[in-house]
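These notes concern the structure reproduced below.
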Amino acid sequence: KEILMSNIIRFLEQAGQGKYSKMQMQSAISALDLDATQRKALSEGDIEALATSLGGRDVMRCMIFTPH
């Protein structure tokens with residue numbers, strides 16, 4: 001599961017940097033070791049479905065506390 005997560009993160013980094021054309025994107029997704037749900041989520045850009053399929057949190061919050 002750790003390798004899968006690393007591969008997905010690497011893919012998302014490269015996709016976010018615009019390194020894939022549409023055709024390359026589908027090829028890169030096909031090359032990842034994903035189940036059908038994960039593959040569909042990536043293809044459709046459904047981040048919530050991808051996070052759920054990977055066991056991610058439903059909600060994440062960031063809070064910053066500064067002492068006075």
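Both backbone and side-chain heavy atoms feed into the values below; hydrogens, waters and symmetry mates do not.
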Taking only residues at least two apart or on different chains, which pairs with a member in [range] satisfy ring-ring contact (aromatic ring centres under 6.0 Å, His included)?
range          : result
residues 33-56 : none
residues 12-33 : Phe11-Tyr20
residues 37-64 : none
residues 28-50 : none

Checklist line | Contact check, side chains of Asn7 and Leu34, non-hydrogen atoms, under 4.5 Å | finding: no
Margin query: Within the 4.5 Å heavy-atom criterion, are Leu32 and Leu4 side-chain neighbours or not?
Written below: no
Notebook entry, point to check: Out of curiosity, Met5 CE to Arg10 CZ, how far, rounded to the nearest 0.5 Å?
Noted result: 13.0 Å
Notebook entry, point to check: Looking at Gln24 and Lys19, what are the two nearest heavy atoms and their distance?
Noted result: OE1-O, 3.6 Å
Item checked: ILVMFWY network linking Ile9 to Ile29, side-chain heavy atoms under 4.5 angstrom -> yes
Check: In chain order, what residues pass the side chain to side chain donor-acceptor pair (under 3.5 Å) check against Glu13, with sequence neighbours excluded?
Finding: none
Next item on the list: If a pair satisfies side-chain hydrogen bond (donor to acceptor under 3.5 Å, both in side chains) and one of its residues is in residues 27-50, list it, with sequence neighbours excluded.
Entry: Gln26-Ser43
